[in-house]
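A quick write-up on the structure given underneath.
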Amino acid sequence: GNSVTQMEGPVTLSEEAFLTINCTYTATGYPSLFWYVQYPGEGLQLLLKATKADDKGSNKGFEATYRKETTSFHLEKGSVQVSDSAVYFCALSEPPNTGGFKTIFGAGTRLFVKA
Amino acid sequence: DTGVSQNPRHKITKRGQNVTFRCDPISEHNRLYWYRQTLGQGPEFLTYFQNEAQLEKSRLLSDRFSAERPKGSFSTLEIQRTEQGDSAMYLCASSPLATDTQYFGPGTRLTVL
């Protein structure tokens with residue numbers, strides 16, 4: 001079945017450092033790919049999305065490119081802030097036979113940013 | 001757009017008790033999803049509704065679990081005879097028909113003692 005694998009955390013960075021969180025996926029067809037973020041004590045928020053190969057999703061300085069040849073969707077940010085400390089989930093959409101979609105998530109990567 | 005809301009936010013119960021959670025989706029969203037998230041893991045799909053019809057259930061959803069969406073608006077998730085292994089965050093999400101992007105609520109954290 002479809003699955004998502006992301007790098008284990010925690011990832012600890014100093015403020016203004018460059019961030020990469022690796023994500024690879026296994027899927028049949030052409031699913032949409034997502035990054036969600038979960039801040040402490042809050043629910044999941046959609047960070048960015050890409051719907052087809054070579055699409056780049058971007059939001060709040062984060063970006064990720066849908067790479068079909070390497071089945072990857074790595075998250076990057078050029079300069080992290082303390083406020084970016086959160087858990088980041090890579091995910092893909094899987095259409096059930098009945099219509100609609102379900103989201104398949106990776107295990108999450110916790111990011112700590114130090115001042 | 002007030003977002004997806006879930007109640008209660010926290011529930012502590014004793015093993016063997018029944019619990020019910022409520023989810024209010026974004027008002028114009030036809031599809032509603034339930035997920036379960038255990039500590040250190042990503043959310044796992046449980047079930048989803050299109051309007052009032054429950055169209056798919058995961059194998060994770062044992063016969064102690066039941067979900068309803070009687071009028072195609074809010075949904076409830078009931079767990080009967082709770083077990084300690086049911087302790088988790090239960091997340092609700094909704095989406096319009098035309099997209100695969102889901103919008104998540106804050107979750108209900110269940111602790112079974």
Side-chain angles (χ1 to χ4, degrees), chain A residues 1-10 21 23-25 27 29-52 55 57 59 66 73 75 86-110, chain B residues 1-7 9-10 23-26 29-61 69 72 88-109:
Chain A
N2 295 349
S3 65
V4 175
T5 302
Q6 57 183 110
M7 63 188 287
E8 288 189 24
I21 300 178
C23 170
T24 57
Y25 67 91
Y30 302 92
S32 294
L33 301 176
F34 306 87
W35 278 98
Y36 281 87
V37 59
Q38 190 170 38
Y39 297 103
E42 297 185 17
L44 285 168
Q45 298 177 26
L46 178 65
L47 181 59
L48 54 85
K49 170 185 176 181
T51 58
K52 60 184 187 297
D55 259 6
N59 186 27
Y66 193 143
F73 193 55
L75 182 68
V87 181
Y88 292 82
F89 292 93
C90 185
L92 61 81
S93 65
E94 177 179 283
N97 295 330
T98 51
F101 298 89
K102 58 184 177 183
T103 308
I104 308 298
F105 288 88
T109 302
R110 183 175 294 276
Chain B
D1 179 358
T2 58
V4 178
S5 61
Q6 294 187 244
N7 288 288
R9 294 290 305 275
H10 303 273
C23 170
D24 287 89
I26 294 170
H29 286 184
N30 300 90
R31 292 190 175 130
L32 185 149
Y33 302 80
W34 286 99
Y35 291 81
R36 181 171 67 188
Q37 184 180 16
T38 53
L39 202 61
Q41 298 298 316
E44 295 175 292
F45 171 81
L46 292 178
T47 187
Y48 99 94
F49 293 82
Q50 182 165 308
N51 300 315
E52 66 276 7
Q54 187 174 19
L55 296 186
E56 184 164 338
K57 294 194 289 187
S58 162
R59 293 172 198 165
L60 293 175
L61 213 64
R69 194 183 184 198
M89 177 77 85
Y90 290 84
L91 297 169
C92 176
S94 70
S95 74
L97 282 176
T99 178
D100 55 3
T101 301
Q102 296 171 14
Y103 299 86
F104 283 80
T108 295
R109 180 170 296 284

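Chain letters run A, B, ... following the sequence lines, proteins first, then strands; residues in each count from 1. Owing to the predicted nature of the structure, the values given are computational and were not obtained by experimental measurement.
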Next item on the list: Please say whether more than 12 non-hydrogen atoms of neighbouring residues, nucleotides or ligands are located less than 6.0 Å from OH in A:Tyr39.
Entry: yes
Item checked: Proximity breakdown for B:Thr99 and chain A, heavy-atom pairs closer than 4.5 Å -> both
Notebook entry, point to check: Closest heavy-atom contact between B:Gln37 and A:Phe89?
Noted result: NE2-CZ, 3.3 Å
Check: So what's closer than 4.5 Å to chain A heavy atoms on B:Arg9: side chain, backbone, both or neither?
Finding: side chain
Next item on the list: Answer yes or no: is there a side-chain heavy-atom contact under 4.5 Å between A:Leu44 and B:Tyr35?
Entry: no
Notebook entry, point to check: How far apart are the C-alpha atoms of B:Gln41 and A:Phe105, what are their side-chain angles, what is the distance that settles it, and do they pass the side-chain contact (heavy atoms from CB on, under 4.5 Å) test?
Noted result: CA-CA 9 Å; B:Gln41 298 298 316; A:Phe105 288 88; over 6 Å; no
Next item on the list: Among the options B:Thr101, B:Asp100, B:Leu97, pick out the one with the most heavy-atom pairs lying under 4.5 Å from chain A.
Entry: B:Asp100
Next item on the list: Examine distances only and state if a side-chain atom of A:Tyr36 and a backbone atom of B:Phe104 form a donor-acceptor pair shorter than 3.5 Å.
Entry: no
Notebook entry, point to check: Which bit of A:Ser93 comes within less than 4.5 Å of chain B, counting heavy atoms only: side chain, backbone, both or neither?
Noted result: side chain
Item checked: Pairwise distance CG(A:Leu46) to OH(B:Tyr103) - rounded to 0.5 angstrom -> 6.5 Å
Item checked: A:Glu8 atom CD, neighbour heavy-atom count above 12 within 6.0 Å -> no
Margin query: Is A:Gln6 close to chain B through its backbone or its side chain, or both, or neither, when contacts mean heavy atoms under 4.5 Å?
Written below: neither
